[in-house]
Amino acid sequence: MAPTSPVRVRFAPSPTGHLHVGNVRTALFNWLFARQNGGVMVLRIEDTDVERSEARFEAMLMDDLKWLGLDWDEGPDKGGAYGPYRQSDRLEIYREHAERLLNEGKAYLCFCTEEELQKERDSASAEKGQAIYSGKCRRLDPQEAKSRRTNGETCAIRLKIPERPIRFHDIVRGDVEFSNEVVSDPVIVRSSGMPVYNYVVVIDDALMKITHVIRGDDHLSNTPKQVALYEALGWPVPEFAHLSTILGADRERLSKRHGATSIANFREMGVLPEALMNYLALLGWAPTGGTREIFTPTELIKEFSLKRVTPSPAVFDMEKLYWLNRHYIKESPPERVEKLALQYYSRAIAEDITKDLAGDVSSRDKTSASDYPWPPAVRDWFASVTRLLSPYVDRLEQLPERAMPILDYDAKAAIESPDNAEALAWPQTDAVLARFTVKILEDEQAREGKLTPDQFNKIVSEVKAETGVKGKELFHPIRIVIMGSHSGPAFDKLVPILEEGSHLSLPKHVLNVRERVEAFGKARAQS
RNA sequence: GUCCCCGUCGUCUAGCCUGGCCUAGGACAUCGCCCUUUCACGGCGGUAACACGGGUUCAAAUCCCGUCGGGGACGCCA
């Protein structure tokens, strides 16, 4: 391809559901390449599979792309000079070019039946190990064939594969050569009149002036047929770049049974789009030097290189995605994370909210979490909870479970939890708890629900001095009383949140420090 | 079966084209230490790989051949 011709790439998904990581990675590489070269990104909808394609999936897939931050310059929603951009709207174009190939003698009519072909395939693979069409109808007289067709005999249209090896260049794999012996004359139009995928792809890519075809390597073996088609049509052959497959942990092609693989899943989990983009870029590509891992979209556009894409398949690693996500959660403006986090809390406490609203909101049979009004004070408080917890989560959906000890303290569960058994059984624990309890109950600030971190620390220090217990033996029991668990965020930040939370009117009352100590004492007395 | 593609730490990868700078670098995970009057977060450090076998060469992860392993394609599927 001449360097002067502007780069045009395309992403051509079938509207059969949410986008999968494999597809999205292909879209991403196309996008990066286009943006880097000041080129054009085309979105084309491959909806010739009428059975599985649905209009609503088209909208979903566009949403998925937009969420990730990928945009396009031409497409069904945007128009463009080379439309229409839906294959179902292009059937006439396909027909026209098929007839042209026929008239020019580059293609021929094939009257073979399903059974004949099946028989041929069987014997061919037995003999040559390759199930190749014999080209029987290729030898038919064109005039005769034509009249048979006009007389109503059903037939398909096949392309003549030239009698020479087919070569093409692939940016990822280098030069690839296929012997014509292994490529049979492909059907380009079915006897039903419907064109075949390998044919329409070529027509579309050529007519849309696509300069670089960047796609999954499952198409590599189809490429010789497509190259032959370009040549038969007299059109320039584009550059190809075949991206390796993304595998699951078991080294099988990544699929639904590997868990979350659609990008909607990641969005729901609370994976930030920039984290996913960064991770996907690293699957099959590495920057020069290979030591840098963190890239913003802008940096990716600058650094990305198709030539540096690896040909070998890559295993999708959730843990690394999570690591990147944690990084981006920490990096992004707190307000953004706080806002995103709200939906996860509301989902988790939806039941409580529904109960709460049922009293004063009439004629609302179904109250969804998103209806929760989030009064400003409550919203701010949840924001502080998010600020407290977000550095410790992999994905936003973990926030509510991490917040449960704050939102819904359960003294009985704390006492019974096997995780706490050891700490509660330590010889010094009773003494620590006894002193701690007395001090909290006597404290003026704590009584009001206004205990400060300083005062709290002072009390802990006094307990330490009076009992002679320190470190783990001191902190774990106290932590269990306050949070129901021996691990959690620093008391300095936690105490104000508990105290503040207890003054809010929430569907479920948040216990302050004193209330927790009381509840724990009561529950322990009973057990 | 035939053809095509692929094969560096458990995983993502750098290095391979243009052999020596590779006692193979980085990252995730893992392990250990430090920080935090506890845990996590964070910081520091460790373990860990050139699929195998032949060649070529003074010298091979890098070039050649073979073997093995994985994936894909061979459709009137997309």
Side-chain angles (χ1 to χ4, degrees), chain A residues 12-14 16 46-49 51-53 87 110 112-114 117-118 121 124-133 154-158 170 172-174 176-179 181-184 186-198 200-201 216-225 242 244-245 247 249 251-253 279 282-294 308 310-324 326 330 389 391-393 402 423 457 460-461 464 469-479 483 485-491:
Chain A
S14 294
T16 55
E46 307 213 324
D47 58 349
T48 51
D49 186 346
E51 309 269 296
R52 292 188 297 157
S53 298
Q87 289 187 332
C110 176
C112 296
T113 63
E114 190 75 41
L117 291 173
Q118 186 55 49
R121 267 198 295 273
S125 64
E127 276 172 47
K128 296 200 279 182
Q130 189 88 16
I132 291 277
Y133 174 60
T154 61
C155 57
I157 303 176
R158 278 187 195 269
D170 187 290
V172 179
R173 333 233 156 202
V176 185
E177 181 181 312
F178 284 81
S179 157
E181 303 283 316
V182 299
V183 186
S184 61
V187 167
I188 58 173
V189 179
R190 300 180 179 91
S191 48
S192 66
M194 268 305 265
V196 155
Y197 168 80
N198 273 314
V200 302
V201 145
D217 68 357
D218 45 334
H219 293 288
L220 191 61
S221 313
N222 287 328
T223 309
K225 288 178 187 175
H242 286 98
S244 68
T245 321
L247 309 174
R251 302 215 130 256
E252 296 278 339
R253 199 190 196 83
Y279 179 69
L282 259 20
L283 264 191
W285 171 82
T288 316
T291 55
R292 206 173 144 199
E293 311 278 334
I294 308 281
R308 292 187 58 83
T310 20
S312 52
V315 173
F316 192 91
D317 181 6
M318 269 307 180
E319 291 301 327
K320 189 151 183 178
L321 204 214
Y322 289 158
W323 169 73
L324 277 165
R326 210 157 56 221
K330 283 185 229 168
L389 301 174
Y392 312 115
V393 299
R402 298 296 176 92
N457 286 337
V460 173
S461 296
K464 178 183 170 188
V469 179
K470 59 185 169 134
K472 218 176 174 176
E473 283 75 26
L474 174 68
F475 269 79
H476 279 196
I478 291 177
R479 192 171 271 292
M483 287 291 273
S485 157
H486 54 73
S487 83
F491 285 127

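Worth saying up front: this structure is predicted, and the values here are computed from it rather than measured. Every chain is numbered from 1 and lettered A, B, ... according to where its sequence line falls, protein lines coming before strand lines.
Stacking here means ring centres nearer than 5.5 Å and ring planes tilted less than 30 degrees, and by that measure A:Phe475 stacks onto B:rU38.
Annotation: B:rG66 and B:rG25 have their P atoms spaced 32 Å apart (nearest Å). The P atoms of B:rG26 and B:rC65 are separated by 33 Å, rounded to the nearest whole Å. If you take atom P in B:rC63 and the same atom in B:rC6, they sit 12 Å apart, rounded to whole Å. B:rA60 and B:rG43 have their C1' atoms separated by 39 Å, with the value rounded to a whole Å. Taking the C1' atoms as reference points, B:rU47 lies 35 Å from B:rU57, given to the whole Å. For the P atom pair drawn from B:rC50 and B:rA61, the interatomic distance equals 11 Å after rounding to whole Å. Comparing B:rA48 with B:rG53, their C1' atoms sit 25 Å apart, to the nearest whole Å. The same atom, C1', is picked in B:rC41 and in B:rA51; the two are 40 Å apart, to the nearest Å.
A:Tyr133 carries A:Arg158 over the face of its six-membered ring, with the cationic atom under 6.0 Å from the centre and within 45° of the normal.
A:Arg402 comes within 4.0 angstrom of nothing in the nucleic acid, heavy atoms only. As judged by a 4.0 angstrom heavy-atom cut-off over every strand, A:Glu293 is placed among the base-contacting residues. A:Lys472 comes within 4.0 angstrom of sugar-phosphate atoms only, judged by non-hydrogen atoms across all strands, and of no base. Here A:Arg251 lies in heavy-atom contact (under 4.0 Å) with sugar-phosphate atoms only. Contact annotation for A:Arg158: backbone-only contact, meaning every heavy-atom pair under 4.0 Å involves sugar-phosphate atoms and none involves a base. In this structure, A:Gly174 reaches neither bases nor backbone, as no heavy-atom distance under 4.0 Å exists between it and the strands shown. Looking at heavy-atom distances under 4.0 Å, A:Ser191 makes contact with a base. Contact annotation for A:Thr291: backbone-only contact, meaning every heavy-atom pair under 4.0 Å involves sugar-phosphate atoms and none involves a base.
For the pair A:Arg253 and B:rG72, the criterion of a side-chain N or O lying under 4.0 Å from OP1 or OP2 is met. Residue A:Lys225 places none of its side-chain N or O atoms closer than 4.0 Å to OP1 or OP2 of B:rA73. Distances shown here put a side-chain N or O of A:Arg326 below 4.0 Å from the OP1 or OP2 atom of B:rA29.
Of the N and O atoms on the side chains of A:Thr245 and A:Asp218, not one donor lies less than 3.5 Å from an acceptor on the other residue.
Checking B:rA78, B:rG72, B:rU13 against the side-chain heavy atoms of A:Thr310 singles out B:rU13 as nearest. The side chain of A:Leu117 sits closest to B:rC76 out of B:rC4, B:rC76, B:rU13. Here B:rA27 is the nucleotide among B:rC76, B:rA14, B:rA27 with the atom lying nearest to any side-chain atom of A:Trp323. Checking B:rC5, B:rC28, B:rU37 against every side-chain atom of A:Leu220, the shortest atom distance belongs to B:rC5. Which of B:rG75, B:rG72, B:rC5 sits closest to the side chain of A:Ser221 comes down to B:rG72. Residue A:Arg121 places its side chain closer to B:rC76 than to any other of B:rU13, B:rC76, B:rU38.
Rounded to whole Å, atom C1' of B:rC74 lies 16 Å from atom OH of A:Tyr197.
Residues A:Pro287 and A:Trp285 form a side-chain contact, since some pair of their non-hydrogen atoms from C-beta on lies under 4.5 Å apart.
Across all strands shown, B:rC35 remains unpaired; no Watson-Crick or G-U wobble contact has both distances below 3.5 Å. Summarising the base pairing, B:rU11 is matched to B:rA27 through a Watson-Crick or G-U wobble pair whose two defining distances lie under 3.5 Å. Using Watson-Crick or G-U wobble geometry with both donor-acceptor distances under 3.5 Å, B:rU2 finds its partner in B:rA73.
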